[in-house]
Amino acid sequence: RKEVEQDPGPFNVPEGATVAFNCTYSNSASQSFFWYRQDCRKEPKLLMSVYSSGNEDGRFTAQLNRASQYISLLIRDSKLSDSATYLCVVLAYSGAGSYQLTFGKGTKLSVIP
Amino acid sequence: GAVVSQHPSWVICKSGTSVKIECRSLDFQATTMFWYRQFPKQSLMLMATSNEGSKATYEQGVEKDKFLINHASLTLSTLTVTSAHPEDSSFYICSAGDDGGYGKQYFGPGTRLLVL
């Protein structure tokens, strides 16, 4: 079983649509969770951290369900500029200040005019 | 936000050459840095975890003698691709997390390696 699994995608949606990405993780000891976006031929950039209480940043809402080991990202009123690959990232601390990062394979989003 | 730099941005080299890539955290200290590789149209793949003052931890299938990692200080990690071959041509990216930042990773801009 893959450690971090994401929707396979790609997602092709019209402008203005709402799109949801799902991610599940297998390591129950994971402690921090993030969504990153990666544009073509660029490095990933942090989109938002994910908290159990849920967090919102403008059109983006992230949720974490520790019991189900499930993370989600909701994008409302999608824009052309939202087209990118969205990566789910899970972190587990391994002691002595070091940690293990696990990446999902990413879900590609294309917002169509 | 925190800034991570990588040098060089581009490398074109002959087969058999060794190539060193530097990753620096410019305004924060990072005990742990990560190295990734990404082939065209494929997912980002974690290669290794670089820990300051200790040996790197390599992911399964990544040859530690081929990809030498040195994390000599809290702001610098280097990846050396030894005896590079055309199949090593890829986009190499590093990331570092501010030790107080709960693991948020800041990525370098990447290094494109082309081995002829």
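The shown structure was predicted, so the numbers you read here are calculated from the model rather than taken from an experiment. Here is the naming used below: chain letters follow the sequence lines, and residue numbers restart at 1 for every chain.
The cluster map of Ile, Leu, Val, Met, Phe, Trp and Tyr, joined by side-chain heavy atoms under 4.5 Å apart, puts A:Leu64 and A:Ile75 in the same cluster. Cluster annotation: A:Leu73 is connected to A:Val19 through the hydrophobic network of ILVMFWY side chains, with a link wherever side-chain heavy atoms come within less than 4.5 Å. No continuous path of ILVMFWY side-chain contacts below 4.5 Å connects B:Ile69 to B:Leu74, so the two sit in separate hydrophobic clusters. Each of A:Leu101 and B:Tyr92 belongs to its own hydrophobic cluster when Ile, Leu, Val, Met, Phe, Trp and Tyr are linked at side-chain heavy-atom distances under 4.5 angstrom. Both A:Trp35 and A:Val13 belong to a single network of hydrophobic side chains, linked directly or stepwise wherever heavy atoms of I, L, V, M, F, W or Y lie under 4.5 Å apart.
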Stepwise side chain to side chain contact (heavy atoms under 4.5 Å, CB included) test for B:Met45 and A:Lys105: CA-CA 8 Å; B:Met45 296 296 296; A:Lys105 289 196 176 295; 4.3 Å; yes
Go through the steps to decide whether B:Ile93 and A:Lys42 satisfy the test side chain to side chain contact (heavy atoms under 4.5 Å, CB included), and finish with yes or no. CA-CA 10 Å; B:Ile93 311 176; A:Lys42 296 283 190 179; over 6 Å; no
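Separation of atoms OG1 (A:Thr85) and CG (B:Leu44) is listed at 10.5 Å; rounding is to 0.5 Å. The structure places CG of A:Leu91 at 6.5 Å from CZ of B:Phe34, a figure rounded to the nearest 0.5 Å. For the atom pair CG (B:Leu46) and OG1 (A:Thr102), the distance works out to 7.5 Å, reported to the nearest 0.5 Å. Atoms OH and CZ, from A:Tyr36 and B:Phe107 in turn, are 5.5 Å apart once rounded to the nearest 0.5 Å.
Contacts between residues 45-52 of chain A and chain B, counted as heavy-atom pairs separated by less than 4.5 Å, involve A:Leu46, A:Ser49.
With no hydrogens or angles considered, no side-chain donor-acceptor pair links A:Glu43 and B:Gln6 at under 3.5 Å.
Proximity to chain A involves both the backbone and the side chain of B:Gln105, based on heavy atoms less than 4.5 angstrom apart. For A:Gln31, no part sits under 4.5 Å from any heavy atom of chain B, backbone or side chain.
Within a 6.0 Å radius of NE2 in B:His7, other residues, nucleotides and ligands contribute 12 heavy atoms or fewer. Within 6.0 Å of NZ on B:Lys20 lie no more than 12 heavy atoms contributed by other residues, nucleotides or ligands.
No side-chain heavy atom of A:Leu87 sits less than 4.5 Å from a side-chain heavy atom of B:Ser43.
A distance-only check finds no donor-acceptor pair linking the side chain of A:Arg41 to the backbone of B:Pro40 [under 3.5 Å].
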